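The block underneath contains the structure these notes are about, expressed in structure tokens.
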Amino acid sequence: QVRLVESGGGSVQDGGSLRLSCAASGRMFSSSVIAWYRQGPGKQRELVASITDSGTINYADSVKGRFTISRDNAKSTVYLQMNRLMPEDTAVYLCGAGQRLESGDYYYYSWGQGTQVTVSS
């Protein structure tokens, strides 16, 4: 199993930047897909970005060109660099660790507690 702890959230102005970190403990980290999800006020949880153990990356259309996900397996950490932040990016950001199923979908078996990101106009 993997235990996840997010950090790096905060309050920024429209157009600002933040870097989130997802620090993991557990021997399965290097073989797991790690994803950043977010849940805004009154909204459903949505995928922001994910990175597989082999480095395949996927972004939500709403963040392409603004956010960058990366992982450092030596440090068991995944990062989310967020640039040109907008008020609609305001949400609790959570990271999850998962495994790929035979169907091609991912099952996320561990979640962090989340970190708040607030973007003001």
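For clarity, every value in this text was computed on a predicted model and none was experimentally measured.
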Exercise. Should Trp36 and Cys22 be marked as a side-chain contact (heavy atoms from CB on, under 4.5 Å) after you check the CA-CA gap, both sets of side-chain angles, and the distance that decides it?
Worked result: CA-CA 9 Å; Trp36 284 98; Cys22 174; 3.5 Å; yes
For this session: Test Met82 against Tyr93 for side-chain contact (heavy atoms from CB on, under 4.5 Å), laying out the working first.
Result: CA-CA 12 Å; Met82 306 187 295; Tyr93 285 70; 3.9 Å; yes
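Remark: side-chain polar atoms of Gln81 are not paired, donor with acceptor, to backbone N or O of Phe67 under 3.5 angstrom. Side-chain atoms of Ser110 come within 3.5 Å of backbone N or O of Val2 as a donor-acceptor pair. The backbone N or O of Leu20 sits nowhere less than 3.5 Å from a side-chain atom of Glu6 that would complete a donor-acceptor pair.
Considering CG of Leu80 and OG of Ser50, their distance stands at 11.0 Å, rounded to 0.5 Å. For the atom pair OG of Ser121 and CD of Gln13, the computed distance is 8.0 Å after rounding to the nearest 0.5 Å. For the atom pair OG (Ser7) and CZ (Arg19), the distance works out to 9.5 Å, reported to the nearest 0.5 Å. Between the OG atom of Ser70 and the CD1 atom of Ile57 there is a distance of 7.5 Å, given to the nearest 0.5 Å. Taking CG of Leu4 as the reference point, atom CD1 of Ile34 lies at 5.5 Å (rounded to 0.5 Å). In this structure, CG on Leu94 lies 9.0 Å from OG1 on Thr115, to the nearest 0.5 angstrom.
Taking the side chain as every heavy atom from C-beta outward, Gln116 and Thr90 approach each other to under 4.5 Å. For the pair Tyr59 and Ile69, the minimum side-chain heavy-atom distance is below 4.5 Å. Looking at Thr77 and Phe29, their side chains never come closer than 4.5 Å, going by heavy atoms from C-beta outward. In this structure, Tyr109 and Met28 have side chains that are in contact, with non-hydrogen atoms separated by less than 4.5 Å. Looking at heavy atoms from C-beta onward, Thr68 lies out of side-chain contact with Tyr79 at the 4.5 angstrom threshold. Contact of the Val117 side chain with the Leu18 side chain is registered, since non-hydrogen atoms from C-beta on lie closer than 4.5 Å.
Smallest separation of non-hydrogen atoms from Ala35 and Tyr108: CB-OH, 3.3 Å. Scanning all heavy atoms of the two residues, the minimum distance from Asp89 to Arg66 falls at OD2-NH1, 2.7 Å.
Under the 4.0 Å criterion applied to side-chain N and carboxylate O atoms, Asp53 and Arg71 are not assigned as salt-bridge partners. Of the charged side-chain nitrogens involved, none lies within less than 4.0 Å of a carboxylate oxygen, so that Asp14 and Arg84 do not count as a salt-bridged pair.
Around the CD atom of Gln113, the shell of radius 6.0 Å holds more than 12 heavy atoms that belong to other residues, nucleotides or ligands.
There is a side-chain donor-acceptor pair under 3.5 Å between Ser32 and Gln99. In this model, no donor atom of one side chain and acceptor atom of the other lie less than 3.5 Å apart for Tyr37 and Arg45. A donor and an acceptor atom, one from each side chain of Ser30 and Asn73, are nowhere located under 3.5 Å apart.
In the hydrophobic clustering of this structure, Ile51 does not group with Tyr106; members are Ile, Leu, Val, Met, Phe, Trp, Tyr whose side-chain heavy atoms approach within less than 4.5 Å, directly or through other members. Cluster annotation: Val33 and Val48 are assigned to distinct hydrophobic clusters (Ile/Leu/Val/Met/Phe/Trp/Tyr, side-chain heavy-atom contacts under 4.5 Å, transitive).
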